[in-house]
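As the structure is a prediction and not an experimental result, all values here were calculated from the model.
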Amino acid sequence: MRGFRGRGVPRRPELGGARSVSMEDRYNAAAVEQKWQRRWEEQRLYDVEPDPSRPKFYCLEMYPYPSGALHIGHTRVYSIGDLIARFKRMNGYQVLHPMGWDSFGMPAENYAIEHGIHPAVSTYANIDTIRAQMRRMGYSYDWRREVACSHPGYYKWTQWLFLLLYKKGLAYRRKAPVNWCPRCQTVLANEQVEEGRCWRCESEVQMRDLEQWCFRITAYADRLLDDLKLLDGWPERVKTMQANWIGRSHGCEIDFPLAGRDGAIKVFTTRHDTIFGATFMVLAPEHPLTLELARGTPQEAEVRAFVERMSHMTQRMRTTLNTKQGVFTGRYAVNPATGEKIPIWTADYVLMDYGTGAIQAVPAHDQRDFEFARQYGLPIRVVVQPPGETLDPGTMTEAYAGEGTMVNSGQFNGLDSATARERMADWLEQQGLGRRRVTYRLRDWLISRQRYWGAPIPIVYCDRCGTVPVPEKDLPVLLPDDVEFTGEGGSPLARHEGFVRTTCPQCGGPARRETDTMDTFVDSSWYYYRYTSARDEHRPFDVDAVRYWLPVDQYIGGIEHAILHLLYSRFITKVLYDEGLVPSPEPFQRLFTNGMVVMGGAKMSKSKGNVVSIEEVVSNYGADTGRVYILFAAPPENDFEWSDGGIAGVHRFLQKIWRLMQRYRAGRDGMGTAESGADREAAQRIRRRLHQTIRKVTDDIDRRWQFNTAVSALMSFVNDLQDYADQLPAARQDRDVWDEAADALVRMLAPFAPHLAEELWEQMGRTESVHLQRWPSYDPEIARDEVVTVVLQVNGKVRDRITVPAGTGEEELRRLALENERVRALLDGRQAARVVVIPDRLVNVVTAAGS
RNA sequence: GCGGGCGUGGCGGAACCGGCAGACGCGCAGGACUUAGGAUCCUGUGGGGCAACCCGUGGGAGUUCGACUCUCCCCGCCCGCACCA
């Protein structure tokens with residue numbers, strides 16, 4: 001493959017004397033990287049402003065939570081993003097490439113509780129550390145646009161956003177059951193509950209109803225689902241996850257009248273076709289009717305005890321019990337289809353916050369109802385018969401949930417179940433018994449946090465005026481600095497009298513502030529707008545700037561945000577879009593979810609002690625080596641295993657380029673014009689390989705997103721170039737070809753190894769940064785192979801290879817194949833039954849059918 | 001259980017539209033240079049066989065002149081969701 005190697009030609013002829021290169025023999029990454037980082041900063045090389053005369057490209061990586069230090073996983077995301085940003089810049093785009101900090105959140109507050117260091121102090125120290133590390137990696141951010149969501153200049157506008165939603169009726173307060181730790185006196189997020197216990201003090205977590213602020217994301221459920229169709233540039237996987245999360249289902253809401261008293265129980269079902277098979281009903285334990293119905297029945301005490309027991313159990317605890325539990329309420333309802341009296345139960349498998357919190361139980365056709373019926377001896381009635389089978393309630397071992405023919409269903413008997421679903425919906429609506437309904441799995445977004453380190457919710461409670469939003473002119477509602485972090489007794493804000501006590505913006509009377517802060521996902525749901533005018537003090541963002549830059553052309557981040565952050569951002573964007581503040585209904589045109597970096601098979605994490613420090617990589621090999629390695633080690637969507645050997649190999653590659661370029665510079669004056677046949681051919685071959693490499697690298701970056709193969713293409717080309725330098729004395733090498741190759745190679749290197757490329761570029765006598773140059777283009781004519789290897793097969797097996805001019809015709813190839821010695825020997829006098837010719841690729845000689 | 005993805009040398013991976021399996025790199029072996037090498041360079045490196053050749057992309061079938069690639073079944077691993085009515 002490497003055409004020039006291994007032919008016994010003396011190695012390394014003069015070419016300026018490879019061993020006597022007067023410049024540094026080795027690339028000194030530390031010195032060069034520092035030099036250029038300083039210069040880029042002095043020149044404000046990566047600052048960018050809108051330029052309507054040029055196409056824009058908004059390249060965004062998910063902003064990080066500023067934990068102690070940058071780790072390898074981070075650098076993967078940023079190295080990919082920086083590659084794309086630099087590549088697009090070199091292709092003539094005006095590239096917005098900003099960075100900021102998701103700097104509110106619980107870890108800083110917990111750190112404060114444990115170490116007595118104020119979250120603001122530790123957070124800003126961490127930011128300084130990470131920013132410095134990012135600079136050492138050489139990422140091309142416009143740092144003037146840096147945002148930190150914990151900065152009052154930022155959260156003022158997060159509060160503005162809250163008020164906007166409040167005004168639109170999309171922010172509201174409601175009682176919601178939450179995980180509550182009685183010892184810590186605070187709410188816990190689901191992920192902070194481990195097997196029913198508080199992660200910090202191991203107390204048993206309770207369910208508690210608390211007043212909570214919510215965003216009405218469910219009002220956008222349809223649009224969030226339907227607009228997924230607009231997102232061509234998103235991974236199917238993420239779209240599927242969002243669609244499942246939203247969980248739209250079409251069905252009916254049906255009223256089941258109570259027997260012997262007024263009132264009815266509303267249920268939601270997607271299988272209203274099975275209503276004739278509803279032999280009992282089940283209410284969620286939390287359903288408001290559960291206790292009410294049981295009152296005065298012999299079952300009252302039992303129901304009361306059951307509901308009480310369930311109230312302490314989280315959803316997770318209920319689910320992990322494999323058996324369903326329930327009790328009879330002592331009351332009956334009337335099946336509106338059959339007129340029968342059916343018992344009303346309450347059970348743990350019915351959830352209050354889905355549908356209506358009550359179900360019609362059709363044990364023959366729902367597996368959960370079936371299990372429950374078998375366990376408690378409730379009747380089972382088949383109303384859908386599967387094709388070619390007759391179900392018998394007595395012998396069934398599981399529910400039949402599929403389609404079939406209606407039986408035991410009055411006037412609907414004989415219909416197929418899909419048709420029956422439509423007819424019965426019509427019938428229910430005509431009879432006033434029910435109505436078609438769409439239900440979602442998606443819940444409203446609970447944004448209250450009983451925590452200090454977040455954006456205060458800008459609401460005031462006044463005895464006279466009630467709930468009053470803080471006027472926009474009074475924003476931001478500042479977080480007080482002087483609070484105590486004890487870890488006991490809930491939010492420090494609630495105990496801070498100076499914060500809580502205020503006056504009502506409406507009547508001027510005494511009032512109390514809301515002490516909950518917002519979920520950090522609110523902060524991150526709009527930060528990509530703030531980048532467009534990060535220091536604007538008068539509005540959340542400059543609408544014109546947003547119109548120029550948005551939507552984000554490429555968003556890059558981990559799969560862990562497939563639902564949360566990405567769904568919330570889409571929601572907030574739609575709210576802003578409806579206000580006419582942003583130009584598109586979707587924030588992120590294309591989304592890329594990169595794989596993790598693992599070590600010893602496990603995700604790198606401090607607690608596992610398998611963290612590779614980025615400092616170590618930079619000081620051992622330099623930032624460029626780290627960047628190229630991370631791009632080369634695996635396709636960007638794969639997880640990959642960090643390997644010390646692998647990074648050393650990449651370092652060798654960069655050193656090899658350095659040495660080769662020093663040889664080129666030293667030997668350049670002695671080079672010629674490669675006129676003789678063999679020399680001409682060698683030079684042309686290099687030129688062809690160069691143009692092929694440009695084609696490959698460009699396509700790999702731009703279309704295929706296969707940076708690993710782009711790097712390997714560069715490696716191959718460098719190998720070829722080195723062979724060329726090794727095989728011929730300088731005088732026989734072509735200076736023009738060398739100049740063209742060196743120029744294009746350094747340009748292509750620029751997005752991968754920006755410091756090395758910049759240094760080489762300067763050495764070549766260029767005065768303007770390589771990062772402001774155009775990406776090299778290739779000439780398809782020059783890239784075209786002149787000769788190709790054509791494979792000769794006999795009955796599909798490779799028997800020989802021949803070299804022919806590219807574009808050799810079918811007839812000629814057939815002739816060459818049939819005349820080929822090896823082919824003839826294998827044919828052994830037999831006739832070719834068929835000859836398949838694929839020009840420039842292969843000839844397959846087939847002797848007989850089926851052989 | 002449901003949904004999605006993935007199985008290729010000792011390792012990471014390549015093979016883009018059905019056409020040379022293993023590019024590029026790591027590792028390993030041998031060699032050159034060297035006081036030295038953890039620098040650099042050269043050669044070799046899927047398995048079997050002296051060779052012709054045979055086998056080989058998780059396993060089995062199928063379609064095809066031809067399958068890592070397409071279809072079906074099975075096995076294994078990973079991810080997501082999980083009592084959502």
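Distances were taken from every side-chain heavy atom of A:L351 (C-beta onward) to each of B:A14, B:A85, B:C42; the shortest belongs to B:A85. Out of B:C65, B:C24, B:G80, the shortest distance to the side chain of A:M241 is found at B:G80. Closest to the A:T240 side chain, of the nucleotides B:C20, B:A85, B:G3, is B:G3. Set against B:U40, B:C16, B:A85, the side chain of A:I359 has B:A85 as its closest nucleotide. When distances are taken from the side chain of A:T269 to each of B:G19, B:A85, B:G27, the shortest belongs to B:A85. Counting only heavy atoms from C-beta on, A:K797 has its side chain closest to B:C55 among B:C42, B:G12, B:C55. The side chain of A:R26 sits closest to B:A39 out of B:A39, B:G19, B:G12. Comparing atom distances between the A:N719 side chain and each of B:G27, B:G19, B:G25 picks out B:G25 as nearest. When distances are taken from the side chain of A:R659 to each of B:U40, B:G13, B:G19, the shortest belongs to B:U40.
Across all strands, A:G649 comes closer than 4.0 Å only to sugar-phosphate atoms, never to a base (heavy-atom distances). Here A:K696 lies in heavy-atom contact (under 4.0 Å) with a base. Within the nucleic acid shown, A:Y440 has no heavy atom closer than 4.0 Å to any nucleic acid atom. Residue contacts shown for A:F640 are absent, as no nucleic acid heavy atom lies under 4.0 Å away. Within 4.0 Å (heavy atoms only), A:Q706 reaches sugar-phosphate atoms of the nucleic acid but no base atom. Residue A:S249 is in sugar-phosphate contact alone, with no base atom involved, counting any heavy-atom pair closer than 4.0 Å across all strands shown. No engagement by A:V711 is indicated, since no non-hydrogen atom pair under 4.0 Å with the nucleic acid exists. Counting non-hydrogen atoms under 4.0 angstrom, A:R799 reaches the backbone sugars and phosphates but no base. Using a 4.0 Å heavy-atom distance criterion, A:R237 is classed as a sugar-phosphate-only contact. Contacts of A:V798 with the nucleic acid, taken as non-hydrogen atoms under 4.0 Å apart, involve only primed sugar atoms and P, OP1 or OP2. Backbone-only contact: A:R652 has heavy atoms under 4.0 Å from sugar-phosphate atoms and none from a base. Among the heavy atoms of the strands lying under 4.0 Å from A:N844 is at least one base atom, whether or not backbone atoms are also near.
Using C1' as the reference atom, B:G7 and B:G13 are 14 Å apart when rounded to the nearest Å. Between B:C83 and B:G76, the two P atoms lie 25 Å apart (nearest whole Å). Separating the C1' atom of B:G25 from that of B:C79 is a span of 28 Å, rounded to the nearest Å. Between B:A21 and B:C68, the two C1' atoms lie 8 Å apart (nearest whole Å). Rounded to the nearest Å, the gap between the C1' atom of B:A52 and that of B:U63 is 33 Å. Taking atom P on both B:G59 and B:U8, the two are 10 Å apart, rounded to the nearest angstrom. Distance check on atom P: B:C16 versus B:U64 gives 23 Å, rounded to whole Å. For the P atoms, the distance from B:C20 to B:C72 is 24 Å, rounded to whole Å.
Between the base of B:C20 and the side chain of A:R841 there is no donor-acceptor pair shorter than 3.5 Å.
Checked against A:R271 for a side chain to side chain donor-acceptor pair (under 3.5 Å), the options A:D273, A:T269, A:T274 give a single hit: A:D273.
Comparing A:V791 and A:T270, the nucleotide of RNA chain B nearest to each residue sits closer to the 5' end for A:V791.
Between B:C53 and A:R822, a contact under 4.0 Å exists linking OP1 or OP2 to a side-chain N or O. Contact annotation: A:N638 does not reach the phosphate of B:G12 (side-chain N/O to OP1 or OP2, under 4.0 Å). Checking the phosphate oxygens (OP1, OP2) of B:A85, no side-chain nitrogen or oxygen of A:R437 falls inside 4.0 Å.
B:G3 and B:C79 make up a base pair, with Watson-Crick or G-U wobble contacts both under 3.5 Å.
At a cut-off of 3.5 Å, with distance as the only test, a side-chain donor of A:R309 or A:Q325 sits close to an acceptor on the other residue.
With rounding to the nearest 0.5 angstrom, the CH2 atom of A:W445 is 9.0 Å from the CG atom of A:L567.
Under 4.0 Å is where a charged nitrogen must lie from a carboxylate oxygen, and between A:E236 and A:K239 at least one such pair does. Look at A:D700 and A:K696 and you find a salt bridge, because one of the NZ, NE, NH1 or NH2 atoms lies within 4.0 Å of a carboxylate O, short of that distance. A salt bridge links A:R435 with A:D255: the closest approach of a Lys/Arg side-chain nitrogen to an acidic carboxylate oxygen falls below 4.0 angstrom. One finds a salt bridge joining A:E403 and A:R421 here, because a Lys/Arg side-chain nitrogen approaches an Asp/Glu carboxylate oxygen to under 4.0 Å. By the 4.0 Å N-to-carboxylate-O rule, A:R76 lies too far from A:D639 to be salt-bridged with it.
Per the geometry, CZ belonging to A:R441 stands 18 Å off P belonging to B:C2, to the nearest Å. The separation between A:Y629 atom OH and B:C26 atom C1' is 9 Å, rounded to whole Å. The nearest whole Å value for the distance from the CD atom in A:Q793 to the P atom in B:C65 is 13 Å. Put simply, CG on A:L442 is 13 Å from P on B:A82, counting in whole angstrom units.
Applying the 90° cutoff around 0 to the glycosidic angle, B:G9 is assigned syn.
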